[in-house]
S.K.: 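Here it is, the structure in full.
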Amino acid sequence: QVQLVESGGGLAQAGGSSRLSCAASGRTFSIYIMGWFRQAPGKEREFVAAVSWSAGTTRYADSVKGRLTISRDSGNNTVILQMDRLTPEDTAVYYCAASTFRPRLGVAGRETSYEYWGQGTQVTVSS
């Protein structure tokens, strides 16, 4: 089992920045990929970014490339989502996810690639 706890987020202004953290515990040695997804009001949950736990290779949704940066701190079992140049369209509940059975990033954009999820953290961007 892997447990995930998100922190950070809250209220931010358009053009500003926010930083989310996801702390993993439990069988962290079994993690291959960690990702971030988000769900805006009235919309389906969508992929944001993912990172391979061992190599640190990253993958991003086209909509966030150049503005959001995912990184991992393997020593502290934490994955970070740095969000810059925020827009109101970034308003959503952000979820951290972990995969212990998908060793590559090729399918990291699919929710079904992850079996562990955090509870979510709200990010609200005001214009």
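If you read the sequence from its start, that first residue is 1, and numbering goes on from there. Atom set for the values below is all heavy atoms of this structure, side chains included, hydrogens, waters and symmetry mates excluded.
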S.K.: Has Thr91 got a side-chain atom pairing as donor or acceptor with Val125's backbone, closer than 3.5 angstrom?
M.R.: yes

S.K.: I need the minimum non-hydrogen distance between Gly9 and Ser18, along with the two atoms involved.
M.R.: CA-OG, 3.8 Å

S.K.: For the residue pair Ser99 and Glu115, establish whether any side-chain heavy-atom pair is separated by less than 4.5 Å.
M.R.: yes

S.K.: Does one hydrophobic cluster hold both Tyr95 and Val51, with members joined at side-chain heavy-atom distances below 4.5 Å?
M.R.: no

S.K.: Looking at Gly120 and Val93, what are the two nearest heavy atoms and their distance?
M.R.: CA-CG1, 3.9 Å

S.K.: Does some side-chain heavy atom of Phe47 sit less than 4.5 Å from a side-chain heavy atom of Val64?
M.R.: no

S.K.: In terms of hydrophobic clusters joined by side-chain contacts under 4.5 Å, are Phe37 and Tyr32 together?
M.R.: yes

S.K.: I'd like to know if the side chain of Tyr114 reaches the main chain of Ala108, judged simply by a donor and an acceptor atom lying under 3.5 Å from each other, with no hydrogens or angles considered.
M.R.: yes

S.K.: Can you name the nearest heavy-atom pair linking Arg19 to Ile80, along with the distance?
M.R.: CZ-CG2, 3.6 Å

S.K.: State whether the side chain of Arg59 and the backbone N or O of Gly106 hold a donor-acceptor pair below 3.5 Å, judged by distance alone.
M.R.: yes

S.K.: Does any part of the side chain of Val79, heavy atoms only, come nearer than 4.5 Å to the side chain of Trp36, both counted from C-beta?
M.R.: yes

S.K.: Quick one: pull up OG1 in Thr57 and CG in Leu105 and give me the separation to the nearest 0.5 Å.
M.R.: 6.0 Å

S.K.: Can you list everything that forms a salt bridge (Lys or Arg N to Asp or Glu O under 4.0 Å) with Arg72? Sequence neighbours excluded, please.
M.R.: none

S.K.: Are any of the side-chain heavy atoms of Ile33 and Ser113 separated by less than 4.5 Å?
M.R.: no

S.K.: Yes or no on side-chain contact (heavy atoms from CB on, under 4.5 Å) for Glu46 and Arg38, after CA distance, side-chain angles and deciding distance?
M.R.: CA-CA 5 Å; Glu46 64 175 0; Arg38 66 185 182 186; 2.7 Å; yes

S.K.: Has Gln119 got a side-chain atom pairing as donor or acceptor with Val5's backbone, closer than 3.5 angstrom?
M.R.: no

S.K.: Within a radius of less than 6.0 Å around CD of Gln82, do more than 12 heavy atoms belonging to other residues, nucleotides or ligands occur?
M.R.: yes

S.K.: Between Trp53 and Ile31, what is the shortest heavy-atom contact and its length?
M.R.: CB-O, 3.5 Å

S.K.: Quick one: pull up OG1 in Thr124 and CG in Asp90 and give me the separation to the nearest 0.5 Å.
M.R.: 11.0 Å

S.K.: Tell me, with the steps shown, if Met83 and Ser17 meet side-chain contact (heavy atoms from CB on, under 4.5 Å).
M.R.: CA-CA 5 Å; Met83 302 187 291; Ser17 298; over 6 Å; no

S.K.: Search all heavy atoms of Ala49 against all heavy atoms of Leu81 and return the closest pair with its distance.
M.R.: CB-CD1, 4.4 Å

S.K.: Please confirm whether the backbone N or O of Cys22 pairs with a side-chain atom of Glu6, one donor and one acceptor, at under 3.5 Å?
M.R.: no

S.K.: Do Tyr116 and Gln1 make a side-chain contact, defined as non-hydrogen atoms from C-beta onward lying under 4.5 Å apart?
M.R.: yes

S.K.: Mark yes or no for whether Tyr60, through its side chain, and Ile70, through its backbone, hold a donor-acceptor pair below 3.5 Å.
M.R.: yes

S.K.: In this structure, would Leu68 and Leu20 fall into the same cluster of hydrophobic residues linked by side-chain contacts under 4.5 Å?
M.R.: yes

S.K.: Rounded to the nearest 0.5 Å, how far apart are CE of Met34 and OG of Ser52?
M.R.: 12.0 Å

S.K.: Could you check if a side-chain atom of Trp117 sits within less than 4.5 angstrom of a side-chain atom of Cys96, using non-hydrogen atoms only?
M.R.: no

S.K.: Tell me if a side-chain donor or acceptor on Ser30 pairs with a main-chain N or O of Thr100 at a distance below 3.5 Å.
M.R.: no

S.K.: Any donor-acceptor pair under 3.5 Å linking the side chain of Thr121 with the backbone of Gly8?
M.R.: yes

